[in-house]
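Before any comments, here is the structure.
All values below come from the heavy atoms of this structure, side chains included, with hydrogens, waters and symmetry mates left out.
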Amino acid sequence: MLGFISKIFIWWNDATPGTLLTLSRRGAKKVGEDDYGNRYFEESGVTGPDGNKRRWVIYKGYADASRVPSDWHGWLHHTFDQPPSEAPLPRQVWEKDHHPNLTGTVYAYRPTGSLVTSAKRQASTGDYEAWSPDSN
């Protein structure tokens with residue numbers, strides 16, 4: 001019982017009850033899970049506007065779209081027919097590990113002169129002259 005109640009009131013850690021109901025009504029089956037714990041689903045019939053099966057991701061924890069790996073992103077957007085759980089893509093040497101998107105968090109980059117920092121902006125150099133509408 002506690003699990004059901006937590007699904008209603010703590011929806012940001014998993015799928016909402018509405019999403020779970022939609023997945024069950026459409027006959028969606030789980031096709032895999034990535035290294036971050038995100039789960040991927042595909043419906044049984046074709047109902048998409050482009051004649052494709054609809055595909056979903058249910059994030060583990062906070063829903064951050066940047067946490068979807070590139071191979072699963074390609075599968076979600078119908079770039080690949082087979083999910084990476086069945087046909088994994090080879091990792092290239094130039095690919096880097098995931099770093100979370102920190103925009104909007106306290107860890108976001110704030111350069112000097114930003115409105116949310118106390119650091120002073122660097123003084124402008126002597127070659128800068130402000131435009132004035134009265135000048136010729």
Side-chain angles (χ1 to χ4, degrees):
M1 184 66 178
L2 183 60
F4 176 73
I5 293 172
S6 68
K7 287 268 189 219
I8 294 172
F9 294 106
I10 310 175
W11 52 265
W12 53 87
N13 282 333
D14 199 15
T16 62
T19 302
L20 295 174
L21 179 66
T22 299
L23 290 174
S24 66
R25 285 182 48 222
R26 291 182 182 252
K29 64 175 179 139
K30 182 179 175 183
V31 295
E33 189 172 317
D34 64 20
D35 295 337
Y36 305 112
N38 301 327
R39 296 170 292 165
Y40 298 90
F41 296 86
E42 184 175 47
E43 72 179 340
S44 57
V46 175
T47 62
D50 53 358
N52 289 322
K53 294 180 178 183
R54 291 186 189 257
R55 295 172 175 171
W56 289 271
V57 58
I58 295 181
Y59 299 99
K60 179 176 183 179
Y62 184 72
D64 179 9
S66 72
R67 286 188 8 216
V68 174
S70 58
D71 47 356
W72 281 105
H73 179 271
W75 177 79
L76 282 169
H77 294 278
H78 299 280
T79 304
F80 312 122
D81 290 330
Q82 296 296 321
S85 57
E86 294 176 15
L89 294 176
R91 184 172 170 113
Q92 304 297 326
V93 295
W94 46 264
E95 288 185 87
K96 296 188 177 204
D97 290 332
H98 173 265
H99 293 285
N101 182 358
L102 300 176
T103 304
T105 69
V106 295
Y107 304 109
Y109 173 69
R110 293 179 173 90
T112 57
S114 171
L115 296 175
V116 294
T117 64
S118 60
K120 294 291 182 192
R121 186 174 77 107
Q122 292 178 348
S124 62
T125 60
D127 63 347
Y128 175 78
E129 183 180 332
W131 177 81
S132 172
D134 298 329
S135 64
N136 291 337

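- One finds a salt bridge joining R55 and E42 here, because a Lys/Arg side-chain nitrogen approaches an Asp/Glu carboxylate oxygen to under 4.0 Å.
- The side-chain heavy atoms of S70 and E95, taken from C-beta on, include a pair separated by under 4.5 Å.
- Under the rule for a side chain to side chain contact (heavy atoms under 4.5 Å, CB included), the partners of H98 that lie at least two apart in sequence or sit in another chain are Y36, S66, R67, P100.
- Put simply, Y40 and Y59 are part of the same group of oily side chains (I, L, V, M, F, W, Y) that touch within less than 4.5 Å, one to the next.
- Rounding to the nearest 0.5 Å gives a distance of 5.0 Å between CG of D97 and CZ of R91.
- With rounding to the nearest 0.5 Å, the separation of CH2 in W75 from CD in E86 is 9.5 Å.
- Taking 4.0 Å as the cut-off between side-chain N and carboxylate O, K60 and D35 do not count as a salt-bridged pair.
- Counting side-chain heavy-atom gaps under 4.5 Å among Ile, Leu, Val, Met, Phe, Trp and Tyr, the cluster of L102 also holds V106, Y107.
- Between S85 and W72 the shortest side-chain heavy-atom distance falls below 4.5 Å.
- Not a single donor-acceptor pair under 3.5 Å links the side chain of H73 to the backbone N or O of A65.
- The minimum heavy-atom distance linking K30 with E33 is given by the pair NZ-OE1, 3.1 Å.
- Take T105 and apply the side-chain hydrogen bond (donor to acceptor under 3.5 Å, both in side chains) test, not counting sequence neighbours, and it matches no residue.
- In terms of heavy atoms, A108 sits closest to T103 at CB-CA, 4.2 Å.
- A continuous path of hydrophobic side-chain contacts links V31 to V68 [ILVMFWY only; heavy atoms under 4.5 Å].
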